[in-house]
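Encoded as structure tokens, the structure appears first; notes follow it.
When reading the values below, keep in mind they use all heavy atoms of this one structure, side chains included, and skip hydrogens, waters and symmetry mates.
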Amino acid sequence: FMHDLWDNDPTSPKLRIDDYIDREDYATFFGCIHSALDNDAEASCEVRFHKPSQDSALSYIYATMRPIAKAGEYVLFYCAIMNITKLRVAEQKERKAIEEFQNIMSDMPGGFCRMRLSPDGLAIPVYVNDGFCRLVGMSHDEVMAKYADNAMWCVHPDDIQIVQAAISDMLAKGEASSSRFR
């Protein structure tokens with residue numbers, strides 16, 4: 001299988017994909033090509049590319065390919081390429097911000113729990129700090145298992161209306177809210 005791409009002019013320099021594909025993704029990219037060939041079907045993969053003169057500038061590429069014609073040892077491929085660099089960079093920034101936020105919350109004295117609100121009004125925990133676990137006398141895994149369906153289980157029955165009102169107020173105003181409850 002040839003890894004060189006070229007035009008029909010033998011005097012022009014060859015364009016080697018090896019010069020552009022990130023070394024860690026080399027096997028992924030050519031594995032995708034072989035999968036498309038072996039199955040005579042469309043195959044897709046995500047790889048990182050860089051310009052040889054700018055090793056630090058990575059681009060994230062989503063490639064979908066399919067063999068469309070064969071002549072002897074040569075194969076003509078259809079390949080659709082989408083640059084998803086902005087998406088991947090945004091995801092990396094979001095993950096870093098969440099990690100920094102969780103580190104700050106882990107160091108906070110007292111309990112902290114971050115929730116996701118479901119459309120039916122249930123509060124689902126997505127993060128609890130060590131202080132919260134100490135307050136309820138459980139490990140992280142125990143807290144996440146116990147309150148996985150609805151975090152309201154940890155609210156005293158007499159205070160559920162207080163919490164529900166705070167959530168409703170927060171959703172209506174689109175602003176953060178706080179409340180005291182048992």
Side-chain angles (χ1 to χ4, degrees), residues 1-108 112-119 123-133 139-141 143-145 148 151 170-171 174-176:
F1 185 74
M2 274 192 147
H3 291 195
D4 291 336
L5 301 176
W6 67 91
D7 61 27
N8 290 330
D9 181 356
T11 62
S12 74
K14 290 183 179 180
L15 168 66
R16 291 187 50 86
I17 201 157
D18 306 42
D19 294 336
Y20 294 89
I21 194 166
D22 189 75
R23 292 289 171 235
E24 293 176 21
D25 294 340
Y26 188 85
T28 300
F29 185 74
F30 286 103
C32 186
I33 290 172
H34 285 288
S35 175
L37 271 174
D38 294 345
N39 299 312
D40 195 28
E42 190 172 277
S44 298
C45 62
E46 181 179 322
V47 293
R48 293 164 293 179
F49 275 70
H50 62 86
K51 294 180 181 175
S53 62
Q54 300 173 346
D55 286 335
S56 62
L58 284 177
S59 294
Y60 293 82
I61 306 297
Y62 186 81
T64 300
M65 57 195 78
R66 179 184 188 99
I68 55 175
K70 295 177 185 176
E73 64 183 62
Y74 295 97
V75 178
L76 178 64
F77 273 90
Y78 153 82
C79 187
I81 296 174
M82 182 173 24
N83 186 338
I84 57 171
T85 303
K86 287 181 182 179
L87 174 67
R88 291 297 174 250
V89 168
E91 287 173 347
Q92 290 168 359
K93 285 180 181 178
E94 180 182 18
R95 276 193 302 274
K96 185 177 179 184
I98 288 171
E99 184 179 302
E100 289 173 358
F101 177 72
Q102 289 177 340
N103 288 337
I104 291 168
M105 292 300 111
S106 290
D107 292 339
M108 174 188 275
F112 175 82
C113 182
R114 186 166 48 104
M115 308 281 180
R116 177 179 47 84
L117 298 175
S118 68
I124 311 299
V126 292
Y127 173 78
V128 294
N129 72 352
D130 292 337
F132 185 90
C133 293
S139 71
H140 284 90
D141 291 340
V143 168
M144 297 308 277
M170 178 182 63
L171 292 174
E175 298 173 358

Nearest 0.5 Å, please: how far is [atom2] in [Y] from [atom1] in [X]?
X	Y	atom1	atom2	answer
I84	Y62	CD1	OH	8.5 Å
Y127	I98	OH	CD1	12.0 Å
E42	M65	CD	CE	10.0 Å
C32	D25	SG	CG	11.5 Å

Could you go step by step and tell me if R88 and R48 meet the side chain to side chain contact (heavy atoms under 4.5 Å, CB included) rule? CA-CA 10 Å; R88 291 297 174 250; R48 293 164 293 179; over 6 Å; no
How far apart are the closest heavy atoms of [X] and [Y], and which atoms are they?
X	Y	answer
K70	V75	CG-CG2, 4.1 Å
D40	R66	O-NH2, 3.6 Å
A41	P67	O-CD, 3.9 Å
A151	M115	CB-CE, 3.3 Å
I68	F77	CG1-C, 4.3 Å
E46	T28	O-CG2, 4.1 Å

Evaluate salt bridge (Lys or Arg N to Asp or Glu O under 4.0 Å) for E99 paired with K96, printing each intermediate quantity in order. CA-CA 5 Å; E99 184 179 302; K96 185 177 179 184; over 6 Å; no
Ring pair (Phe, Tyr, Trp, His ring centres under 6.0 Å) against F112, all qualifying residues, sequence neighbours excluded: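 Expected list: F101.
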Distance-only side-chain donor-acceptor flag, Q92 / Y60, under 3.5 Å: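 A donor-acceptor contact under 3.5 Å links the two side chains.
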If only side-chain N and O atoms count, and only distance matters, is there a donor-acceptor pair under 3.5 Å linking T85 with N83?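 Note: N83 and T85 side chains meet the donor-acceptor criterion.
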Under the side chain to side chain contact (heavy atoms under 4.5 Å, CB included) rule, what do L87 and M82 come out as? Steps first, then yes or no, please. CA-CA 11 Å; L87 174 67; M82 182 173 24; over 6 Å; no
Stepwise, does the side chain to side chain contact (heavy atoms under 4.5 Å, CB included) test hold for V47 with E24? CA-CA 9 Å; V47 293; E24 293 176 21; over 6 Å; no
So H140 and D130, do their side chains get closer than 4.5 Å, heavy atoms only?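 Yes, their side chains come closer than 4.5 Å.
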